[in-house]
Each structure stands twice: as structure tokens, then as C-alpha cells.
Q: 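I'd like to ask you about the structure that follows.
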Amino acid sequence: MGSYSASAQQLVDKMTAAALAQPARGLAFQGAPGANSDLAAREYAPGSLPLPCYSFEDAIDAVREGRVDRAIIPIENSLHGRVADIHFLLPESGLSIVGEHFLRIRHGLMSRNLGPVTRAMSHEQALGQCRHWLRANNIAPIAHSDTAGAAALVADSNEVGLAAVAPPHAADLYGLTLHESGIEDADHNMTRFVVLAREPLAEQAVDGPLMTTFVFEVKNIPAALYKALGGFATNGVNMTKLESYQVGGSFTATTFYADIVGAPGDEHVDRALEELDFQTKSLRLLGTYRQARVRP
């Protein structure tokens with residue numbers, strides 16, 4: 001387990017005490033207070049009590065061990081693709097996906113006003129998403145593990161010229177001066193989050209258009225993926241996402257992560273999943289949940 005800077009730790013302690021006192025309202029996230037995942041938690045469930053966790057594993061463990069009921073985890077970004085390690089952590093967690101949320105990502109430059117800004121600290125993805133703006137303003141990037149964590153570190157630092165790139169509201173949280181917001185190079189920067197719980201949603205609790213997420217491992221035979229996916233085409237089931245990743249450092253065992261529109265119980269989905277199960281070495285459903293954004 002890692003550690004937070006002093007300014008962040010004060011907020012972490014306060015938020016942790018509140019979330020652990022009411023586990024049903026607790027919503028674990030990875031990062032320091034004020035991070036995009038904190039924002040996502042508050043947008044997804046306005047009445048929740050977000051629980052800051054240093055790592056994705058810590059957030060998942062908080063739910064698995066019953067300290068809080070749910071976690072909200074980023075899974076993919078519109079500019080940078082999937083979030084590292086999440087595809088490995090989700091199947092191993094034993095948790096179920098019970099919801100999703102889309103968050104528009106915005107970045108701001110903030111500092112203690114100790115001289116002109118010459119260096120900006122943030123997560124490498126945030127720095128990459130602002131690289132043109134930073135270069136145009138002669139600001140050197142410095143990688144850090146977390147956006148809001150960088151803001152807290154700047155708040156605790158006396159280093160002249162040091163700033164953070166973080167969600168704009170982090171400036172208020174850590175008493176920093178927000179020099180400019182909306183410094184991201186693209187205005188279509190969106191992150192998709194999934195919400196995890198120990199138990200899947202009950203059927204009667206799920207209404208509206210549905211999404212089902214699962215992982216599967218193909219057999220090591222010619223045209224294995226083609227055969228595995230044929231049932232979705234023949235049954236008219238829309239697959240909105242398909243990504244491959246290697247398990248255990250092997251280049252022979254390929255696992256796929258997939259999202260489809262629909263849910264088990266629908267005859268078309270059931271037939272497609274039955275054919276997929278027959279054609280693969282393993283199949284594991286991760287959850288059925290309401291779509292936050294309707295896919296066709």
C-alpha cells in the first residue's frame with residue numbers, strides 16, 4: 001500500500017471514516033480526493049460516500065472484504081484506450097459489474113503561486129492529453145501516479161515554479177490557485193467507469209437497455225475466434241467491444257474481454273452465449289447492467 005501527501009491524507013482520513021461508518025453508501029475509488037474517479041463516484045451516485053484507495057487492488061479489496069458495498073473503476077478512455085491492469089483485475093476480483101458511468105475529462109493548471117510556472121506534475125495520461133498546451137506555454141511535464149495526488153503534493157511543496165495538472169475543482173480542495181482550466185488538447189476526452197459489487201444485480205432491479213460483459217479464452221485451433229464469435233452474428237446480437245490480452249505472460253493463451261447489448265434470458269443472447277461456450281476453453285460472465293449511454 002502506498003501513501004498520500006499530508007494535505008491529501010487529511011481528506012482521506014475524513015472521507016474514509018465517513019464511508020466505513022455507512023458501508024451501504026460507501027463507493028471506493030482509486031486515487032486521491034479530487035481525482036477524476038472521485039468525481040465519477042459523486043456523479044454516478046450523488047448520495048454516496050466516496051472512499052479513497054491508493055490502488056485499484058485496494059478499491060476492489062474494500063468491496064470484496066465488505067468494508068463498503070461498491071467500487072467505481074475506470075476501464076477505458078476515448079483517447080488512450082483501456083486502463084492498464086483492469087482486464088486482469090476484474091475477472092480475478094470475484095466481483096460483479098452492476099453499473100457504468102461516463103465522465104467528461106477536464107484538466108486545469110494549479111499552483112501555490114510561487115513564481116511563474118515552469119514545471120507541471122500529473123499522471124502521465126493527463127500530461128499527454130495536455131502536451132500541446134504545456135509545450136506552447138514552455139511548461140515541462142513531470143510524471144506522477146495520480147492527478148489529484150499531484151495537486152496535493154504541490155500544495156505541500158515550497159518548490160518555486162511547480163504546478164499540477166488536475167481536475168479544476170482540486171484547486172479548491174487543496175488551496176491552490178487555478179491558473180487556467182480546459183487545457184486539454186481534445187474536447188472529446190471521455191472515460192468509461194464500471195461499478196462493482198459483491199453480488200450481481202437482481203433481474204427485477206435492472207430496467208432499461210442492458211449491457212452484458214464477459215471474458216473468454218479461445219481454443220488454440222485455426223479460426224478459433226471466428227468460430228467463437230459466429231453465434232453473435234447469426235443471432236443478431238450487437239458486440240460493442242472486443243479486446244484481447246495475454247494471461248500469465250503467455251503468447252499462446254489469448255483471453256478476450258467483450259461487451260454485448262442485451263442480457264441472459266433473451267433467447268438471442270442465450271443462443272449466442274451457448275455457442276460461444278461450446279467454442280471456447282472458458283467463459284465467465286462479469287455482469288449485466290443498465291447502459292449509461294444507449295448503444296444500438
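Numbers here simply count residues along the sequence, with the first being 1.
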Q: Nearest heavy-atom pair of Leu49 and Ala18: which atoms, and what distance?
A: CD1-O, 3.3 Å
Q: First locate atom CG of Leu134, then atom CG of Leu109, and finally report the distance between them rounded to the nearest 0.5 Å.
A: 7.5 Å
Q: Does atom CD of Glu199 have more than 12 heavy-atom neighbours from other groups under 6.0 Å away?
A: no
Q: Can any side-chain N or O of Arg119 pair as donor or acceptor with the backbone N or O of Val117 at less than 3.5 Å?
A: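 No, because the side chain of Arg119 does not come within donor-acceptor range (under 3.5 Å) of the backbone of Val117.
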Q: For the side chain of Asp146 and the backbone of Ala32, is there at least one donor-acceptor N/O pair under 3.5 Å apart?
A: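 Yes: the side chain of Asp146 pairs with the backbone of Ala32.
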Q: Taking all non-hydrogen atoms of both residues into account, name the closest pair between Ala126 and Val165 and its distance.
A: CB-CG1, 4.4 Å
Q: Got a donor-acceptor contact below 3.5 angstrom from the Asn238 side chain to the Val261 backbone?
A: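 Side chain of Asn238 to backbone of Val261: no pair is present.
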Q: Would you check if there is a donor-acceptor pair between the side chains of Thr147 and Ser122 at a distance under 3.5 Å?
A: no
Q: Does the pair Ile260 and Thr240 meet the rule for a side chain to side chain contact (heavy atoms under 4.5 Å, CB included), with working shown?
A: CA-CA 6 Å; Ile260 60 171; Thr240 62; over 6 Å; no
Q: Does some side-chain heavy atom of Phe29 sit less than 4.5 Å from a side-chain heavy atom of Arg70?
A: no
Q: Evaluate side chain to side chain contact (heavy atoms under 4.5 Å, CB included) for Arg64 paired with Asp61, printing each intermediate quantity in order.
A: CA-CA 5 Å; Arg64 189 159 49 192; Asp61 286 345; 2.4 Å; yes
Q: I'd like to know if the side chain of Tyr4 reaches the main chain of Ala152, judged simply by a donor and an acceptor atom lying under 3.5 Å from each other, with no hydrogens or angles considered.
A: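 No, the answer is negative, given that no donor and acceptor are paired below the 3.5 Å cut-off.
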Q: Decide side chain to side chain contact (heavy atoms under 4.5 Å, CB included) for Tyr44 and Leu103; before the verdict, give the C-alpha distance in whole Å, the side-chain angles of both, and the deciding distance to 0.1 Å.
A: CA-CA 9 Å; Tyr44 173 76; Leu103 178 72; over 6 Å; no
Q: Linking I/L/V/M/F/W/Y whenever any side-chain heavy atoms sit under 4.5 Å apart, do Phe56 and Tyr245 land together?
A: yes
Q: Would you compute the distance between atom NE2 of His268 and atom CG of Asp270 and round it to the nearest 0.5 angstrom?
A: 10.5 Å
Q: Over all heavy atoms of both residues, which pair between Ala272 and Val237 is shortest? Give the atoms and the distance, please.
A: CB-CG2, 4.2 Å
Q: For the CG atom of Asp277 and the CG atom of Leu283, what is their distance to the nearest 0.5 Å?
A: 5.0 Å
Q: Could you tell me whether a side-chain N or O of Arg106 sits under 3.5 Å from a main-chain N or O of Pro167, the two making a donor and an acceptor?
A: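 Checked: no pair found.
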Q: Would you say Leu285 and Leu273 make side-chain contact, with heavy atoms under 4.5 Å?
A: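 Touching, per the 4.5 Å side-chain cut-off.
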Q: Return all side-chain donor-acceptor pairs below 3.5 angstrom for residues 169-178, not counting sequence neighbours, or 'none' if the list is empty.
A:
from	atom 1	to	atom 2	distance (Å)
Tyr174	OH	Pro33	O	2.7
Thr177	OG1	Asn113	ND2	3.3

Q: Would you find more than 12 non-hydrogen atoms of other residues, nucleotides or ligands less than 6.0 Å from Glu243 atom CD?
A: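 Yes.
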Q: Distance from Thr212 atom OG1 to Met239 atom CE, nearest 0.5 Å?
A: 11.0 Å
Q: So do Asn138 and Thr118 actually touch side chain to side chain, heavy atoms under 4.5 Å?
A: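 Answer no - side chains too far apart.
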Q: Taking NZ, NE, NH1 and NH2 as the nitrogens, is one of them in Arg271 or Glu275 under 4.0 Å from a carboxylate oxygen of the other?
A: no
Q: Are Ile72 and Phe102 connected, step by step, through hydrophobic side chains (Ile, Leu, Val, Met, Phe, Trp, Tyr) whose heavy atoms are closer than 4.5 Å?
A: no
Q: Please round to the nearest 0.5 Å and tell me the distance separating atom CD of Glu217 and atom OG of Ser282.
A: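 Taking CD in Glu217 and OG in Ser282, the distance rounds to 4.5 Å.
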Q: Any side-chain heavy atom of Arg295 within less than 4.5 Å of one from Met211?
A: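 With C-beta onward as the side chain, the pair touches.
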Q: Distance-only check: which donor-acceptor pairs under 3.5 Å involve side-chain atoms of residues 184-197, not counting sequence neighbours?
A:
from	atom 1	to	atom 2	distance (Å)
Glu184	OE1	His107	N	2.9
Glu184	OE2	Arg104	NH1	3.4
Asp185	OD1	Trp133	N	3.2
Asp185	OD2	Arg131	N	3.1
Asp185	OD2	His132	N	3.0
Asn189	OD1	Asn77	ND2	2.8
Asn189	ND2	Gln129	OE1	2.7
Thr191	OG1	Asn77	ND2	2.9
Arg192	NE	Glu100	OE1	2.9
Arg192	NH1	Glu76	OE2	2.9
Arg192	NH1	Asp259	OD2	2.8
Arg192	NH2	Glu100	OE1	3.1
Arg192	NH2	Asp259	OD2	3.4
Arg192	NH2	Tyr289	OH	2.8

Q: Is it the case that the side chain of Asp156 and the backbone of Ala6 share a donor-acceptor pair, with hydrogens and angles ignored and the cut-off at 3.5 Å?
A: yes
Q: Using a 3.5 Å distance criterion without hydrogens, assess whether the side chain of Asn137 forms a donor-acceptor pair with backbone atoms of Ile139.
A: no
Q: Please name the pair of heavy atoms, one in Ser111 and one in Val154, separated by the smallest distance, quoted to 0.1 Å.
A: CA-CG1, 4.1 Å
Q: At their closest point, which heavy atom of Leu276 faces which heavy atom of Ala228, and how far apart are they?
A: CD1-O, 3.4 Å
Q: With a distance cut-off below 6.0 Å to the six-membered ring centre and an angular limit of 45° from the axis, does Lys219 pair with Phe278 as a cation-pi contact?
A: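 Yes, Lys219 sits over the ring of Phe278.
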Q: State whether a side-chain donor-acceptor pair under 3.5 Å links His123 with Ser145.
A: no
Q: Between the side chain of Ser55 and the main-chain N/O of Asp58, is any donor-acceptor distance below 3.5 Å?
A: yes
Q: Test of understanding: clusters of I, L, V, M, F, W, Y form through side-chain heavy atoms closer than 4.5 Å, transitively. Do Leu114 and Leu153 belong to the same one?
A: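 Leu114 does not cluster with Leu153.
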Q: Flag the pair Arg284 / Phe216 as yes when at least one side-chain heavy-atom distance between them is below 4.5 Å, and no otherwise.
A: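 A side-chain contact is absent here, since even the closest heavy-atom pair is not under 4.5 Å.
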Q: Using the side chain to side chain contact (heavy atoms under 4.5 Å, CB included) rule, take Gln291 and Leu210 through it: C-alpha gap first, then chi angles, then the decisive distance, then the call.
A: CA-CA 5 Å; Gln291 297 178 37; Leu210 303 180; 5.5 Å; no
Q: With no hydrogens and no angle check, is any side-chain donor or acceptor of Thr234 less than 3.5 Å from a backbone partner on Gly230?
A: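 Checking the backbone N and O of Gly230 against the side chain of Thr234, a donor-acceptor pair under 3.5 Å is found.
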Q: So, do Pro200 and Thr288 sit near enough that their side-chain heavy atoms are less than 4.5 Å apart?
A: no
Q: Mind listing the side-chain donor-acceptor pairs of residues 89-96 below 3.5 Å, one per line with the distance, residues two or more places apart or on another chain?
A:
from	atom 1	to	atom 2	distance (Å)
Ser93	OG	Leu90	O	2.7
Ser93	OG	Leu95	N	3.1

Q: Keeping the roles fixed (side chain from Glu124, backbone from Gly128), state whether a donor-acceptor pair exists under 3.5 Å.
A: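 No, because the side chain of Glu124 does not come within donor-acceptor range (under 3.5 Å) of the backbone of Gly128.
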Q: Hydrophobic clustering (ILVMFWY, side-chain heavy atoms < 4.5 Å, transitive) - are Ile97 and Val215 grouped together?
A: yes
Q: How long is the span from the CG atom in Leu79 to the CD1 atom in Ile105, to the nearest 0.5 Å?
A: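 The CD1 atom of Ile105 is 9.5 Å from CG of Leu79, to the nearest 0.5 Å.
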Q: Please report the closest heavy-atom contact between Glu43 and Pro46, naming both atoms and the distance.
A: O-CD, 3.8 Å
Q: Is any side-chain heavy atom of Val63 closer than 4.5 Å to one of Asp69?
A: no
Q: Side chains of Leu162 and Met121, heavy atoms from C-beta outward: is any pair under 4.5 Å?
A: yes
